[in-house]
Amino acid sequence: MYNNLLKIGKRIKETRLAAGMSQSDLAEKLHLSVHSRQNIGNWEKGESPPPFGHLLKMCEIFDCEMGYLLCEFDCKTREATNIHEVTGLSENAINVLAGIKKSQFSDIIITLSKLIEHHDFTELLQTIHLHIWDFNKNNFNREKKDINDIAKVLNCSSDKVKKYMESTSMSLIQSNILKIVGEIDKKEETSLSLKQKKLPF
């Protein structure tokens, strides 16, 4: 069970810090006496294993499964870990989607599914990815020399060329989204009209 105390200790510390707790805060929640509060430091340094009962309580405090604290998987639940392994989505993204599914707006997931299933969805994601990379990271597809050459031909500053490229990229993203949504709408209308034709009244 405790085959890697250093790794487990690091996981406990990272999880505690992510929850915004000091060692004293955690000790208080675990109902540890003043004299035994140094035990948390020993667990986090990998010097001793936390007792099973305290591990169970930490799972409750940190809202995670035991396997997460024991470093058997890297998301807080086995289910989220499995989804992450298959999709590559972050744990936060998985939690957001799960939250929507449980909310009063759960129908949004149907729309999201249709967007993802659309044949142009991958291309849209690639366009968004390039836009973020190029314009937020200042890592343009074109070399600086190319941008300067375009600026000379157009008789304007290289900053104006960059702004134009950015707005063009944003327009491409918007038009792709509208195209996909428009095609989904058309499919919905076609499906509805076919159903109405089949009705005997």
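For the pair Glu44/Gln23, a side-chain contact is recorded, criterion being any heavy-atom separation below 4.5 Å from C-beta on. Proximity of Leu115 to Ile180: side-chain heavy atoms (C-beta onward) are separated by under 4.5 Å at one or more points. Using a 4.5 Å heavy-atom cutoff, the side chains of Thr15 and Arg11 are in contact. Using a 4.5 Å heavy-atom cutoff, the side chains of Leu5 and Trp43 are not in contact.
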Atom pairs and distances, side-chain donor-acceptor, residues 53-64, under 3.5 Å, sequence neighbours left out:
unit_1: Lys57; atom_1: NZ; unit_2: Glu60; atom_2: OE2; d: 3.3

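Between Glu72 and Arg78 no salt bridge is recorded (no basic side-chain N to carboxylate O distance below 4.0 Å). With respect to the salt-bridge test (charged N to carboxylate O, under 4.0 angstrom), the residues Lys101 and Asp107 do not qualify.
Ile177 meets the side chain to side chain contact (heavy atoms under 4.5 Å, CB included) test with Leu124, Ile173, Val181; sequence neighbours excluded. Residues satisfying the salt bridge (Lys or Arg N to Asp or Glu O under 4.0 Å) criterion with Glu65, sequence neighbours excluded, are absent altogether.
Between the side chains of His118 and Glu183, at least one donor N or O sits under 3.5 Å from an acceptor N or O. Ser36 and Asn39 share no side-chain donor-acceptor pair at under 3.5 Å.
Other residues, nucleotides and ligands contribute over 12 non-hydrogen atoms within 6.0 Å of the CD atom of Glu14.
Side-chain atoms of Asp120 never come within 3.5 Å of backbone atoms of Glu123 as a donor-acceptor pair (strictly under, hydrogens ignored).
Cluster annotation: Leu97 is not connected to Val86 through the hydrophobic network of ILVMFWY side chains, with a link wherever side-chain heavy atoms come within less than 4.5 Å.
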Legend entry - side chain to side chain contact (heavy atoms under 4.5 Å, CB included) assessment of Asn82 paired with Glu85: CA-CA 5 Å; Asn82 291 342; Glu85 285 171 1; 4.2 Å; yes
